[in-house]
Amino acid sequence: MSLVKRCRHGRTGGLPVLLAGTLALATTLLGGPATAAQQGTLHELAAAQGKYFGSATDNPELPDAAYAATLGSEFGQITPGNSMKWDATEPAEGRFDFTKGDVITDFARQHGQTVRGHTLVWHSQLPGWVAALPSSRVEAAMTDHITREATHFRGAVAAWDVVNEPFNEDGTFRTSPFHTTMGKDYIATALRTAHAADPDAKLYLNDYNIEGLGAKSDAMYALASELIDEGVPLDGVGMQAHLAVQYGFPYEMRENMRRFADLGLDVAVTELDVRMQLPADAAKTATQSSYYRQVVEACLAVERCVGITAWDYTDKYSWVPSTFPGEGAANLYDENLTPKPAYDAVRTALGGEDGGGEPGALKVRYRSGDSSAGDNQIKPGLQLVNTGTTAVSLPEVTVRYWFTGDNGASTYGTWCDWSPLGCATVIHRVAALSSPSAGADHYLEVGFSSGSLAPGASTGEIQLRLSKTDWSDFDESDDYSHGSGTSYADASKIGVYVGGEPVWGIEP
């Protein structure tokens, strides 16, 4: 599952690549695995693959000279976080102010960048006068607002998030003054109005938690299909991708992208960040890098995925800490504008100089093989997946599943019941934690005596089992790594290590 969030800081979308000139910049990485000077920016690497790589920004950030220098050189597309929203552009009915948006488009013009307009119609950050309108005036207010704003920025904005976040998590339409008054037809009306005001701009629907397959993305797919059948001008779908390491990676992301592309639509990753519960550590950072890499690889695998926008490139200006207390460190650069390991992961995925592949690019998927959380055995099913671009030597890999021994014997027996690799190659043992924590005082460690895992490959299901030597019962319900799901899903509470270094999972 991907995260459920409310973003008050802004949105984005997809647009054609515009690269003015070639920027021959060398970026010295101080905070990640690669420390040598590297040629080519993220956007240049993406442009070589037919994509763009961009960043969100906002007006208060631009006076920061060091920030603006990287924003203007590393990225080929920018999205204003707030300055084009309704409360900023029409704070009082009929009184428009595009000054802040003009600052963003001027910056982009000076740096050869494209701009994604964000956003024309959204249920949030509406000035109070909109909600106070009688129902008979809502449609006219909406179409007038869209017409005035899209006309003003015509030629300066390459794509618009016309309607932002129209759905609830269950796929029903979100309540807003527009839906209350016009029903779902407000979306078609908004798109037609935007197209009339700026026929050359790409028009998108944008939402969060639609990156993977699920009820919400199904609803967006059904809506997009209906709009296309009705001849409504719709060019693409924006998948925000506000992810978190404590949740699994979006299920079947590239397959989801492909089904929208098969409708004839472009797809854009519009607001990418990967937050974590603070403090950061090596395991969380490795999982974050893996998530960033997988998003890039999904976009590269789908021709009509036009590009990726980071939801601001630096932790210095991240929306996460104020919205999710205790969480942060979500971006490609730290608070000091130094690239992080996630930056290296993105470069590698885009084919950068240090892109020979990370040997530790692994994730683990898990399902419970137990019908009861209170019997005398623990039965985890595990799959290792190589998300990188080079083969991984399996004897270098170990996996840890954390649990509590509860009462009874302190010695254990372990078994591999089945594996397509052959159980003879699977090594397993139980070890005690030197410093127990909530839900974990032991762990099942799994390793391999031989073999390698090719890029994109999976070990297949490894069926494991452990019990206490006196066969007394466990209470798995509060175990750190235990889950009740009977289908395989990414497991952030199971650790993966390569050469003893953590590459996936959050330790207890």
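The figures that follow rest on heavy atoms only: side chains count, while hydrogens, waters and symmetry mates do not.
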With side-chain contact (heavy atoms from CB on, under 4.5 Å) as the test, would you mind laying out the steps for Lys340 and Thr285 before giving the verdict? CA-CA 9 Å; Lys340 293 157 59 176; Thr285 298; over 6 Å; no
Within the side chain of Arg174, is there an N or O that forms a donor-acceptor pair under 3.5 Å with the backbone of Glu169? no
For Thr425 and Ser450, the nearest pair of non-hydrogen atoms, with its separation, is CG2-OG, 3.8 Å
Please determine, by modelled atom types, if Gln77 and Thr79 share a side-chain donor-acceptor pair under 3.5 angstrom. yes
Donor-acceptor pair, Lys51 side chain versus Cys305 backbone, under 3.5 Å? yes
Looking at Glu303, I'd like to know if its CD atom is crowded, meaning that more than 12 non-hydrogen atoms belonging to other residues, nucleotides or ligands lie closer than 6.0 Å. no
Would you say Tyr366's side chain and Gly483's backbone share a donor-acceptor pair under 3.5 angstrom? yes
Establish, yes or no, whether the cationic atom of Lys216 lies under 6.0 Å from the six-membered ring centre of Tyr208 and within 45° of the ring axis. yes
Nearest non-hydrogen partners of Val162 and Thr119, listed with the distance: O-OG1, 4.0 Å
Work out which heavy atom in Leu263 is nearest to a heavy atom in Ala224; give both atom names and the distance. CD1-CB, 4.2 Å
Do Val399 and Glu445 make a side-chain contact, defined as non-hydrogen atoms from C-beta onward lying under 4.5 Å apart? no
Write down the atom of Val426, the atom of His428, and the distance for their closest heavy-atom approach. O-CD2, 3.4 Å
Yes or no on side chain to side chain donor-acceptor pair (under 3.5 Å) for Asp370 and Ser368, after CA distance, side-chain angles and deciding distance? CA-CA 5 Å; Asp370 258 334; Ser368 175; 5.2 Å; no
Any salt bridge linking Asp344 with Arg293? Criterion: basic side-chain nitrogen under 4.0 Å from a carboxylate oxygen. no
In sequence, state the C-alpha distance, the side-chain angles, and the governing distance for Asn256 and Glu211, and then conclude on side-chain contact (heavy atoms from CB on, under 4.5 Å). CA-CA 7 Å; Asn256 188 41; Glu211 300 81 28; 5.5 Å; no
Please determine if Arg304 forms a cation-pi arrangement with Phe260, meaning its NZ or CZ atom is less than 6.0 Å from the six-membered ring centre and no more than 45° off the ring axis. no
For Tyr401 and His482: C-alpha separation, side-chain torsions, deciding distance, then whether ring pair (Phe, Tyr, Trp, His ring centres under 6.0 Å) applies. CA-CA 8 Å; Tyr401 176 98; His482 175 73; 7.6 Å; no
Candidates Leu362, Thr387, Val364 - the one meeting side chain to side chain contact (heavy atoms under 4.5 Å, CB included) with Trp504: Val364
4.5 Å side-chain heavy-atom contact, Ile427 and Val446: no
Does a side-chain heavy-atom distance below 4.5 Å link Leu243 with Pro250? yes
With no hydrogens and no angle check, just 3.5 Å: does a side-chain donor-acceptor pair link Gln246 and Lys493? no
What closest approach, in Å, do Leu453 and Leu384 show between heavy atoms, and which atom pair accounts for it? CD2-O, 3.8 Å
Under 3.5 Å, is there a donor-acceptor pair between the side chain of Asn168 and the main chain of Asp170? no
Distance-only, no hydrogens or angles: does the Asp161 side chain make a donor-acceptor pair with backbone N or O of Val163 under 3.5 Å? no
Are side-chain heavy atoms of Thr323 and Val320 found at a separation under 4.5 Å? no
Start with the C-alpha gap between Asp207 and Gln240, add the side-chain angles, then the distance that decides, and say whether side chain to side chain donor-acceptor pair (under 3.5 Å) holds. CA-CA 6 Å; Asp207 214 326; Gln240 292 179 14; 4.8 Å; no
Donor-acceptor pair, Glu297 side chain versus Ala349 backbone, under 3.5 Å? no
A side-chain contact here means heavy atoms from C-beta on lying under 4.5 Å apart; do Leu464 and Cys416 qualify? yes
Any donor-acceptor N or O pair under 3.5 Å, side chains Thr338, Asn336: no
Can you say whether the rings of Tyr480 and Trp402 are parallel (under 30°), tilted (30 to 60°) or perpendicular (over 60°)? perpendicular
Donor on one side chain, acceptor on other, Asp273 and Trp319, under 3.5 Å: yes
Worked check of side chain to side chain donor-acceptor pair (under 3.5 Å) between Glu461 and Tyr488: CA-CA 9 Å; Glu461 179 177 40; Tyr488 275 100; 3.0 Å; yes
Are Glu335 and Thr314 close enough that some pair of their side-chain heavy atoms sits under 4.5 Å apart? no
For Gly405, does its backbone N or O pair with a side-chain atom of Asp441 as donor and acceptor, under 3.5 Å? yes
Has Asp490 got a side-chain atom pairing as donor or acceptor with Phe249's backbone, closer than 3.5 angstrom? yes
Exam field: side chain Asn331 to backbone Asp312, donor-acceptor pair closer than 3.5 Å: yes
Residues Thr469 and Ala409: closest non-hydrogen pair is OG1-CB, 3.6 Å
Counting only heavy atoms not in Asn407, do more than 12 fall under 6.0 Å of its CG? no
Check against side-chain contact (heavy atoms from CB on, under 4.5 Å), Leu205 and Leu234: CA-CA 8 Å; Leu205 305 177; Leu234 175 65; 3.8 Å; yes
Residue pair Ser217 / Arg259, side-chain donor-acceptor N/O under 3.5 Å: yes
Value rounded to 0.5 Å, distance of CG in Asp417 from CZ in Arg465: 4.0 Å
Modelled atom types, side-chain donor and acceptor of Tyr443 and Glu507, under 3.5 Å: no
Chi angles and distances behind the salt bridge (charged side-chain N to carboxylate O under 4.0 Å, His left out) call for Glu226, Lys184: CA-CA 11 Å; Glu226 182 179 332; Lys184 68 177 182 179; 3.0 Å; yes
Please examine the side chains of Leu45 and Phe53, heavy atoms only from C-beta on, and report whether any two atoms are closer than 4.5 Å. no
Quick one: does NZ or CZ of Lys316 land under 6.0 Å from the six-membered ring centre of Tyr333, within 45 degrees of the ring axis? no
Tell me, with the steps shown, if Gln125 and Asn82 meet side-chain contact (heavy atoms from CB on, under 4.5 Å). CA-CA 9 Å; Gln125 289 184 237; Asn82 292 298; 3.2 Å; yes
Side-chain touch Gln288/Met276, heavy atoms, less than 4.5 angstrom: yes
Whether the Asn206 and Glu165 side chains hold a donor-acceptor pair (N or O, under 3.5 Å, no angle test) is what I'd like checked. no
Measuring centre to centre across the rings, with the benzene-like ring taken for any Trp, is Phe403 within less than 6.0 Å of Tyr412? yes
Determine, stepwise, if the pair Phe167 / Phe173 fulfils ring pair (Phe, Tyr, Trp, His ring centres under 6.0 Å). CA-CA 5 Å; Phe167 291 109; Phe173 283 96; 4.8 Å; yes
How long is the straight-line distance from CD1 of Ile494 back to CD1 of Ile506, given to the nearest 0.5 Å? 12.0 Å
Report the C-alpha distance between Asn376 and Ser467 in whole Å, list the side-chain angles of each, state the deciding distance to 0.1 Å, and finish with yes or no for side chain to side chain donor-acceptor pair (under 3.5 Å). CA-CA 6 Å; Asn376 59 13; Ser467 68; over 6 Å; no
For Ala454, does its backbone N or O pair with a side-chain atom of Asn386 as donor and acceptor, under 3.5 Å? yes
